[in-house]
> 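Take this structure first; my questions come after.
Because only heavy atoms are used, hydrogens play no part in the values below, and waters and symmetry mates are left out as well, while side chains stay in.
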Amino acid sequence: MSNDEFRAAMSRLAAGVVLVTAQEPPLDPDDPEAPGMEDVGMTATAFLSVSLDPPLVLVSLREGSRMDDLLDEQPLWAVSVLAESQRHIAGRFAMKGRISDRLLFEDIPYVRGEATGAPLVGGALATLECRTEQRVTAGDHTLVIGRVLTAHVPSAEGGPLLYFRGRYRQLG
C-alpha cells in the first residue's frame, strides 16, 4: 500500500474541524513591546472524545510541528469546535508558510478561557479547555490526550464544519 492509497482511503472519512489553541511565552522576552504571552493556533481534524469519566479528549499532532513542540512544554490548551460559517478560520490556521499567529488572531472574535487563558473562538459550536494527561508517539504524529477542565456550548446555531475528500464541507 502506498502513502497515496492510504491518504485517498482516509479522505473518505468525514471529520469535524476544530481550532486548537494555546499560549506560549514571548518569542523575544527582551522586547519590551512584546505581549506577555503569544497565542498559537492550529486547525485539526483528528480530534475525538476518549472518555466520559474522567472527561478526556485526544488530538493528533504532526510530530515536530509548532503545536506539538508547544504542548510538550505547555500543558494547558483549548479547542473550539468550528461551525460551518467558520471555514475561513480553519483555512487560515491550516496554511503552510503562514504569517505570524498574532496576525492570524487579529480579526477573529474570541474570549480567553478561564482555566487556560487560551483563545476560544466566538461563534464556535462548542469550546473545551484541557490539560495534557498523556502524550503517545504514533508513527509521525503525537497523540495528545487531555483532561477536559471546562466545556461550554456557546452557540446552538448552524451546523458543524466538516472535512471530507480534501475539502471543507457542510452537512446537507
Side-chain angles (χ1 to χ4, degrees), residues 15-52 54-62 65-96 98-135 142-163 168:
V17 182
V18 302
L19 183 67
V20 179
T21 57
Q23 289 190 308
E24 71 178 350
L27 300 177
D28 184 1
D30 297 327
D31 179 359
E33 300 293 315
M37 296 293 273
E38 296 278 342
D39 294 325
V40 177
M42 182 200 87
T43 301
T45 56
F47 175 78
L48 58 101
S49 169
V50 174
S51 168
L52 182 60
L56 299 173
V57 293
L58 177 148
V59 65
S60 179
L61 306 173
R62 186 175 35 83
S65 68
R66 182 173 181 197
M67 189 62 75
D68 181 37
D69 292 343
L70 176 57
L71 294 189
D72 192 31
E73 297 177 11
Q74 161 64 283
L76 298 174
W77 45 285
V79 173
S80 297
V81 178
L82 298 180
E84 59 195 1
S85 63
Q86 296 177 313
R87 178 184 301 205
H88 64 288
I89 295 172
R92 180 183 294 188
F93 285 90
M95 290 187 306
K96 292 185 191 294
R98 63 192 196 193
I99 57 177
S100 79
D101 283 59
R102 187 182 310 167
L103 295 175
L104 293 178
F105 281 103
E106 201 167 74
D107 63 347
I108 294 174
Y110 66 86
V111 297
R112 295 221 171 265
E114 58 194 52
T116 64
L120 301 170
V121 176
L125 296 180
T127 60
L128 305 159
E129 292 184 274
C130 306
R131 183 184 65 240
T132 299
E133 292 275 311
Q134 187 176 4
R135 293 172 54 87
T142 302
L143 307 179
V144 180
I145 299 170
R147 179 180 295 258
V148 179
L149 305 173
T150 69
H152 297 286
V153 182
S155 174
E157 300 300 315
L161 181 61
L162 299 176
Y163 194 73
Y168 295 114

> Would you give the length of the straight line joining atom OG1 of T132 to atom CD1 of I145, rounded to the nearest 0.5 angstrom?
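Going from OG1 on T132 over to CD1 on I145, the span is 10.0 Å.
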
> Any side-chain heavy atom of P160 within less than 4.5 Å of one from L125?
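Of all side-chain heavy-atom pairs linking L125 with P160, at least one is under 4.5 Å.
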
> Quick check: do T127 and V121 have side-chain heavy atoms less than 4.5 Å from each other?
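Sidechains of V121 and T127: no contact.
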
> Which pair of heavy atoms, one from R112 and one from G117, lies closest together, and at what distance?
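Nearest pair, atom of R112 first, then G117: NH1-O, 2.8 Å.
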
> Are Y110 and I89 packed together at the side-chain level, in the sense that at least one heavy-atom pair is separated by less than 4.5 angstrom?
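The answer is no; the side chains never approach within 4.5 Å.
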
> Could you report the tightest heavy-atom contact between V20 and A44, atom names first, then the distance?
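In this case the closest contact between V20 and A44 is CG2-CB, 4.1 Å.
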
> Quick one: are R147 and C130 in side-chain contact, heavy atoms under 4.5 Å?
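Heavy-atom side-chain distance check fails, nothing below 4.5 Å.
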
> Just wondering, do D39 and T21 contact through their side chains at under 4.5 Å, heavy atoms?
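No, side chains not in contact.
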
> Side chains of R92 and I108: closer than 4.5 Å at any heavy-atom pair?
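Contact flag for R92/I108 side chains = yes.
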
> How long is the span from the CG atom in L48 to the CG atom in L143, to the nearest 0.5 Å?
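That separation rounds to 9.0 Å.
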
> Which atom pair, heavy atoms only, marks the closest approach of V148 to A151?
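Minimum heavy-atom separation between V148 and A151: CG1-CB, 4.2 Å.
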
> Could you report the tightest heavy-atom contact between Y168 and A94, atom names first, then the distance?
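For Y168 versus A94, the nearest heavy atoms are OH-CB, 3.9 Å.
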
> Whether the side chain of Q74 engages the backbone of E24 through a donor-acceptor N/O pair (distance < 3.5 Å, no angle test) should be reported.
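Side chain of Q74 to backbone of E24: no pair is present.
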
> Has E129 got a side-chain atom pairing as donor or acceptor with A115's backbone, closer than 3.5 angstrom?
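It does hold such a pair.
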
> Check whether any side-chain heavy atom of V79 lies under 4.5 Å from a side-chain heavy atom of V57, and answer yes or no.
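Result no, sub-4.5 Å side-chain heavy-atom pair not found.
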
> State the OG1-CE distance between T43 and M67, to the nearest 0.5 angstrom.
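Those atoms lie 9.5 Å apart.
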
> Can you tell me how far CE of M42 sits from CG of L104, rounded to the nearest 0.5 angstrom?
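If I round to the nearest 0.5 Å, the distance is 13.5 Å.
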
> Say you draw a straight line from CZ of R66 to CG of L71; how long is it, rounded to the nearest 0.5 Å?
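Taking CZ in R66 and CG in L71, the distance rounds to 11.5 Å.
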
> If you compare all heavy atoms of R87 against all heavy atoms of L161, which two are closest, and at what distance to 0.1 Å?
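Smallest interatomic distance, heavy atoms only, reads CA-CD2, 3.7 Å.
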
> Checking Q86 side chain against G122 main chain: does a donor-acceptor pair fall under 3.5 Å?
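A pair under 3.5 Å: yes.
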
> Side chains of V144 and W77: does their closest heavy-atom pair fall under 4.5 Å?
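They are in side-chain contact.
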
> Measuring from D68:CG to E73:CD, what's the distance to the nearest 0.5 Å?
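Separation between the atoms: 10.5 Å.
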
> Using every non-hydrogen atom in the two residues, find where A124 and P154 come nearest and quote the distance to one decimal.
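Closest heavy-atom pair between A124 and P154: O-CG, 3.5 Å.
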
